[in-house]
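Chain identifiers are assigned alphabetically (A, B, ...) following the order of the sequence lines, protein sequences preceding nucleic acid strands; residue numbering begins at 1 within each chain.
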Amino acid sequence: MKAQDSAGDDDYVDWNTDDDLEIDNFQSSPPSSPVQSRAETLVGVAVTNSSLSSPTETTDLVQMGFSDEIFATLFDMGFPVEMIAKAIEEAGPNAETSVIIDTISKYSSDCEAGSSKSKAIDHFLAMGFDEEKVIKAIHEHGEENMEQIANALLSCAEAEKLPVEEEEDDIDWSLSDDEISYSDILISDDEKDPNSSNENGNQIRSLVRMGFSELEASLAVERCGENVDIAELTDFLCAAQMAREFSEFHTDPEEQKPRHDFKKRRLESKKEPRSSADDEPVRLPNPMIGFGLPNEPGLITHRTLPELARGPPFFYYENVALAPKGVWETISRHLYEILPEFVDSKYFCAAARKRGYIHNLPINNRFQIQPPPKYTITEAFPLTKKWWPDWDKRTKLNCILTVTGSAQLTNRIRLALEPHSGEPEPPKHVQRYVIDQCRRWNLVWVGKNKAAPLEPDEMENLLGFPKNHTRGGGMSRTERYKSLGNSFQVDTVAYHLSVLKPIFPDGINVLSLFTGIGGGEVALHRLQIRMKLVVSVEISKVNRNILKDFWEQTNQTGVLIEFSDVQNLTNDTIEGLMKKYGGFDLVIGGSPCNNLAGGNRVSRVGLGGDQSSLFFEYCRILEVVRARMRRS
DNA sequence: GGCATAATGAAGTCGCTC
DNA sequence: GAGCGACTTCATTATGCC
């Protein structure tokens, strides 16, 4: 069977010639800073969504004096970009930020004039209740009886030991087990004001359970009166919150966070005073198993996504878990406040790979691709068992990196061990030296006193790629190590993506950013999810060739389009692709970790680094896709 | 110039002890 | 809670060889 038969000229498009790349005004020069880059991005996105949709008009808008800082400010406050664009357009080029906020508020009021039922649904979804339960409660009590719905939902939550919040607790890794228990953040009956009336008490109690402080709840009841329903009280509090955010944005940098996460707000009041850092620190879970492992108890199958994160397309973002402080807070803030799912791939294969994943995928009905991977070193590499010394207790390898141990290192290990060949085992200090080096450089035993680094095909095996996936095709050995060290662990990613299979039985359109050697595509292929379209962006030519070869060798029937530089994938180009192919179902990618990874001794500077700042390009492109799909 | 090789810490987390 | 040590880490760069 000829691979070309299924992946001929009609199925593969290389858009990397200069003639095909249109660089618009927002991407023609590298951004001077990530902040600037994001602000420019937002201007571009917003204008694309507004009535001023052409590139020329986009440029004109900036030249007319619209401040990209205002965009960034309002975006950080949680307003949708198209709403910001519309408000700025209406308020005029010289409008103050406060005037634009007032305009946005007017839109919100207009929206409220719409369907009362959808309003009710949105109202309770925003509070973190499960959509199914909300719909059921509205059906039972009628959309006009907001208070009864709220009470029904709260009663339901209580009866189920507050599943919504408990589930959130399970996925909130900002807390360690010994810091605070869930019971600590609930207001008990004993803490109620004994002097308040029953009506007031119930309303305050309900508001407290929704995440507002007791003081806020009391003030709301005092200001709105005793006879208003719970919906009106929450609207009052949200409005006050919005106003306070705007004020705080210009006064106290520590309080600039969006406050729609009720759970987080409660925790802030109980935890230590915040540091000077911008965000609540994201802590790594222990064990690092995300929402749970296949075939293991304790699986979490439900979570409540922030409202902004809902809706198509699905997106899946990945990066190193052990990033410098504050990085994951920033990433989360730019990806709709979704908390990362931290997973160590040592639970999926024989090598560690600690990564954070931010996605809006469902998490129920995940399944593992078959055959399951080998979980220990000796299972994965049986020939090492013969030479593995008893005093080397490792059963898992550390993270596969982009470089390997040297020949000189393995020789030093041999020289350290040989003098003790006749002894039952080498002295402890020798053992210590050898084990340290084996851990540091991920060495395996391939002969007597012979420790060796992994071969590229062994790495492919551990990472879930087909044998020889990175071999040949112009790929040097050094490049293989580098690309494999930077890739996904396929079994882990496939487990997360498996939920897409029943959702898209006819296949999906994929926008793959920072594709690398195609870990996401391999995962989808192994899940037997048809890829109708893959638009791939990858800077490395040899990596692009690897994906192209994979596409041909696996007889894919869809269309593969490859771009080289994510910064050259303009908003207009994305729009054009979506118009032609009908949109994207999945935006997947892990932006460069060079400036985040612990192994970088030179430029581990965080998201401001030359490479890692491309994360903001992921945000830009994702927002363009989302905006387009919201319109259609 | 391309490739392979080898040397180059520090940041952060975790567990333990006091 | 503070202090300490153990442990891990999608890397960068200089150098030499062909």
Chemist: Using a 4.0 Å heavy-atom cut-off, does A:Ser591 contact any base of the nucleic acid, only the sugar-phosphate backbone, or nothing at all?
Modeler: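 It contacts base atoms.
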
Chemist: Is it true that A:Glu341 and A:Arg366 make a salt bridge, defined as a side-chain N closer than 4.0 Å to a carboxylate O?
Modeler: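 Result for this pair is yes, salt bridge flagged.
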
Chemist: To the nearest Å, give me how far apart CG (A:Asp344) and C1' (B:dT13) are.
Modeler: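 So the two atoms are 13 Å apart, to the nearest Å.
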
Chemist: Report which part of the nucleic acid A:Gly590 touches: base, sugar-phosphate, or nothing (heavy-atom distance under 4.0 Å, all strands).
Modeler: base

Chemist: Runs of at least three consecutive Watson-Crick or G-U pairs, both distances under 3.5 Å, are what I'm after; which ones involve DNA chain C?
Modeler: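 Output for stems: B:1-8 with C:11-18, B:10-18 with C:1-9.
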
Chemist: Output one letter per nucleotide in nucleotides 5-12 of chain B: B when a protein non-hydrogen atom lies under 4.0 Å from the base, S when only the sugar-phosphate is that close, - when neither is.
Modeler: -SSBBBSS

Chemist: Scan residues 458-470 of chain A for pairs that pass salt bridge (charged side-chain N to carboxylate O under 4.0 Å, His left out), counting only residues two or more places apart or in two chains.
Modeler: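 Qualifying pairs: A:Asp457-A:Lys467, A:Glu460-A:Arg480.
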
Chemist: Which one of A:Leu443, A:Asn449, A:Val430 satisfies the side-chain contact (heavy atoms from CB on, under 4.5 Å) criterion with A:Ile413?
Modeler: A:Leu443

Chemist: Looking at A:Asn286, does any N or O in its side chain come under 4.0 Å of the phosphate oxygens OP1/OP2 on B:dT13?
Modeler: no

Chemist: Salt bridge or not for A:Glu538 and A:Arg544, using N-O below 4.0 Å?
Modeler: no

Chemist: Between A:Arg526 and A:Phe465, is NZ or CZ placed under 6.0 angstrom from the six-membered ring centre and within 45° of the ring axis?
Modeler: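 The answer is no, since A:Arg526 fails at least one limit relative to A:Phe465.
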
Chemist: Whole angstroms only, please: what is the CG-P distance between A:Asn595 and C:dC10?
Modeler: 13 Å

Chemist: Taking atom P of C:dC7 as reference, at what distance in whole Å does atom CD of A:Gln437 sit?
Modeler: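 Checked: the CD to P distance equals 13 Å.
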
Chemist: Regarding C:dC10, can its base be found pairing with the side chain of A:Glu318 as donor and acceptor, where the two atoms are less than 3.5 Å apart?
Modeler: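 Donor-acceptor pair under 3.5 Å: yes.
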
Chemist: Counting the atoms with a prime plus P, OP1 and OP2 as sugar-phosphate, which does A:Arg439 contact under 4.0 Å by heavy atoms, base, sugar-phosphate, or nothing?
Modeler: sugar-phosphate

Chemist: Is A:Glu425 salt-bridged to A:Lys428, going by a charged N under 4.0 Å from an acidic O?
Modeler: yes

Chemist: What pairs of residues pass the salt bridge (charged side-chain N to carboxylate O under 4.0 Å, His left out) test when at least one of them lies in residues 397-414 of chain A, not counting sequence neighbours?
Modeler: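 Residue pairs passing salt bridge (charged side-chain N to carboxylate O under 4.0 Å, His left out), neighbours aside: A:Arg414-A:Glu418.
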
Chemist: Can you check whether A:Asn594 has a side-chain N or O nearer than 4.0 Å to OP1 or OP2 of C:dT12?
Modeler: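 True: A:Asn594 side-chain N/O within range (under 4.0 Å) of C:dT12 OP1/OP2.
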
Chemist: Restricting to ring pair (Phe, Tyr, Trp, His ring centres under 6.0 Å), what partner residues turn up for A:Phe348, sequence neighbours left out?
Modeler: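 Expected list: A:Tyr495.
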
Chemist: Can you tell me how far P in B:dA7 sits from the matching atom in C:dC10, rounded to whole Å?
Modeler: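 Per the computed distance, 22 Å lies between those P atoms.
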
Chemist: If you compare every side-chain N and O of A:Ser476 against the phosphate oxygens of B:dG2 (OP1, OP2), does one of them come in below 4.0 Å?
Modeler: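 So the side chain of A:Ser476 is outside the cut-off, no N or O lying under 4.0 Å from OP1 or OP2 of B:dG2.
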
Chemist: In whole angstrom, give the distance that lies between atom CZ of A:Arg355 and atom P of C:dT9.
Modeler: 9 Å

Chemist: Could I get the full list of side chain to side chain contact (heavy atoms under 4.5 Å, CB included) partners for A:Thr395, not counting sequence neighbours?
Modeler: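 Partners of A:Thr395 by the side chain to side chain contact (heavy atoms under 4.5 Å, CB included) criterion come out as none, since no residue qualifies.
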
